[in-house]
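Note sheet for the following structure.
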2 protein chains.
Amino acid sequence: MSRNNAGLSHARIVEDALRIVNGQGLRRLTMRRLGDALQVEAMAIYHHFPRGKEQLLDALVHHVMDVPAAADPAAPPDTRLRHWAAGYRDRLLEHSGVLPLLINRGYENPAVLDALYAALTELGLRGAAVVDAARTLDAYVLGAVVNEVRDTASRPEPDAAGEQAPAPPVDPRRHPHLAALAAHRRTRDAADRFAVGLELVLAGVQQPG
Amino acid sequence: MSRNNAGLSHARIVEDALRIVNGQGLRRLTMRRLGDALQVEAMAIYHHFPRGKEQLLDALVHHVMDVPAAADPAAPPDTRLRHWAAGYRDRLLEHSGVLPLLINRGYENPAVLDALYAALTELGLRGAAVVDAARTLDAYVLGAVVNEVRDTASRPEPDAAGEQAPAPPVDPRRHPHLAALAAHRRTRDAADRFAVGLELVLAGVQQPG
DNA sequence: AGAATAACCTTACTGTGTAAAGGTGGTGGC
DNA sequence: GCCACCACCTTTACACAGTAAGGTTATTCT
């Protein structure tokens with residue numbers, strides 16, 4: 001506990017960094033701020049992450065992505081796919097602050113990917129069709145979460161009383177379909193939207209069967 | 001042309017900023033660097049973007065997203081959807097540097113969205129199904145592009161002769177499906193992968209008809 | 001014991017966004 | 001003609017970012 005042993009560790013650093021990110025945003029994740037949270041000087045972090053902030057951000061991505069494949073091998077394959085998607089979405093939403101990092105930093109979780117392939121194979125897909133389906137599902141989930149995060153971020157707060165939806169004006173001359181369907185755009189909540197879209201993708205992925 | 005008129009303009013600033021971003025990356029887009037590119041001091045930009053860099057980044061997103069809806073009203077609706085998807089992907093890939101900004105900054109292009117609704121309606125969808133399908137397609141395209149960008153970024157260069165795929169080792173005991181399908185994971189190029197996935201989503205979106 | 005080392009601290013430098021205030025030329029009112 | 005004003009750009013300055021270099025300890029090894 002003395003001067004040269006503050007109990008710092010890879011895990012503790014990542015943990016506190018993640019707390020900062022999803023409490024104050026990625027922008028405010030700073031070496032000095034992280035040091036403060038860890039009761040340590042900023043430069044102490046460099047002993048555990050010699051490549052500095054870049055390496056720290058890599059570790060954040062890795063930590064978010066490195067989960068064991070949810071194992072319910074008895075469940076039917078389509079149920080497992082839905083669980084996979086829901087779990088994936090939950091994890092991304094819980095750490096939505098690191099989403100920008102996922103664009104440039106690779107992850108790839110073999111266990112999860114293998115389980116995904118397994119479920120799709122059990123559904124009757126073979127060979128390239130499995131890989132294509134997996135990629136498509138992955139893309140859908142990621143894109144859906146990104147859109148969801150953007151929506152909830154730009155959707156303002158129910159701050160004052162009554163003030164909620166500014167209802168953006170849409171010109172029915174220029175955009176008739178948009179105007180006609182405007183009501184349908186506000187119905188479901190985020191979770192329902194995700195589930196509905198997932199069903200569509202799942203249906204497409206098993207089209208021949 | 002004197003000292004108080006360097007010919008700066010909203011459009012020119014956005015243009016040069018975008019050039020920097022997709023030539024050197026978002027990280028290197030800096031007020032001073034942008035000033036240099038525009039032959040101007042950094043603070044000059046604040047006269048056209050009073051809210052500073054935040055507003056500049058908003059403008060970048062807006063510029064990337066604000067394109068007229070590709071109008072080929074004679075084409076069949078499914079063709080129009082494919083064109084929309086291809087155009088969307090191209091635009092995102094061309095400015096892949098701004099992708100991280102799309103997560104937190106809203107855009108929404110009414111013209112494009114209306115055209116999308118129109119095509120889906122022509123396909124036979126009605127009401128909420130149109131909105132759901134549009135959201136699903138949007139999510140797929142965005143997610144697919146994000147994955148594609150990550151792949152091409154982490155995929156190293158065919159720099160020296162012959163050296164290309166390090167072929168990550170996969171344990172066939174732990175991940176049998178991954179091992180069995182490894183060959184299928186490297187077949188198609190990025191454009192094909194996108195097209196194949198899009199077909200799956202399109203199929204799912206029109207499932208009842 | 002003495003030396004090596006792991007874990008942290010101090011200092012210092014470059015680069016970043018931007019507030020504040022200063023010029024400078026052109027434009028309109030009188 | 002002249003002067004006030006304003007749009008446009010520059011200067012200066014500050015707080016905060018990441019991190020290289022080197023210093024300080026306590027533990028551990030010989």
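Numbered from 1 within each chain, the chains take letters A, B, ... in sequence-line order. Predicted model only: the values in this text are computed from it and were never measured.
Between A:Phe49 atom CZ and C:dA7 atom C1' there is a gap of 15 Å when expressed in whole angstrom units. Atoms CD (B:Glu41) and C1' (C:dT24) sit 15 Å apart, rounded to a whole Å. For A:Leu56 and D:dT19, the CG to C1' distance is 14 Å, given to the nearest whole Å. Summarising the geometry, the separation between CG on B:Asp36 and C1' on D:dT10 is reported as 14 Å, rounded to the nearest angstrom. One interatomic measurement links the two molecules: NE2 of B:His47 to C1' of C:dA19, which rounds to 15 Å at whole-angstrom precision. When the C1' atom of C:dG17 is taken as reference, atom CD of B:Gln55 falls 14 Å away, rounded to whole Å. Atom P of nucleotide D:dT25 and atom CG of A:Leu8 are separated by 19 Å, given to the nearest angstrom. Rounded to a whole Å, the NE2 atom of A:His10 is 16 Å from the C1' atom of C:dA7.
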Anything under 3.5 Å between a protein N or O and an N or O of nucleotides 20-22 of chain D, put it in a table, one pair a line.
none

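B:Arg33 and B:Asp36 are not joined by a salt bridge, as no carboxylate oxygen comes within less than 4.0 angstrom of a charged side-chain nitrogen.
Between B:His95 and B:Val21 there is no side-chain heavy-atom pair separated by less than 4.5 Å.
Comparing C:dC8, D:dC8, C:dT18 against the side chain of B:Lys53 picks out C:dT18 as the nearest.
B:Tyr140 places a side-chain N or O within 3.5 Å of a backbone atom of B:Leu198 that can act as its donor or acceptor partner. Using modelled atom types, no side-chain atom of A:Asn104 and backbone atom of B:Ala153 make a donor-acceptor pair closer than 3.5 Å.
With sequence neighbours excluded, no residue forms a side-chain hydrogen bond (donor to acceptor under 3.5 Å, both in side chains) with B:Asn22. Listed by chain and residue number, A:Arg82 satisfy the side-chain hydrogen bond (donor to acceptor under 3.5 Å, both in side chains) test with A:Glu199 (two or more places apart in sequence, or in another chain).
Residues in residues 46-73 of chain A take part in these side chain to side chain donor-acceptor pair (under 3.5 Å) pairs, two or more places apart or across chains: A:Arg51-A:Asp58, A:Glu54-A:Arg105, A:Asp58-A:Arg105, A:Asp72-A:His83.
For A:Arg174, the CZ atom sits in a loose shell: 12 or fewer heavy atoms of surrounding residues, nucleotides or ligands are nearer than 6.0 Å.
For A:His48, a side-chain nitrogen or oxygen approaches OP1 or OP2 of C:dC8 to under 4.0 Å.
Of the residues in residues 26-35 of chain B, those lying under 4.0 Å from DNA chain C by heavy-atom distance are B:Leu29, B:Thr30, B:Met31, B:Arg32, B:Arg33.
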For residues 127-137 of chain A, which side-chain donor-acceptor pairs fall under 3.5 Å, sequence neighbours excluded?
unit_1   : atom_1 : unit_2   : atom_2 : d
A:Asp132 : OD1    : B:Arg188 : NE     : 3.1
A:Asp132 : OD2    : B:Arg188 : NE     : 3.4
A:Asp132 : OD2    : B:Arg188 : NH2    : 2.6
A:Thr136 : OG1    : A:Asp132 : O      : 2.7

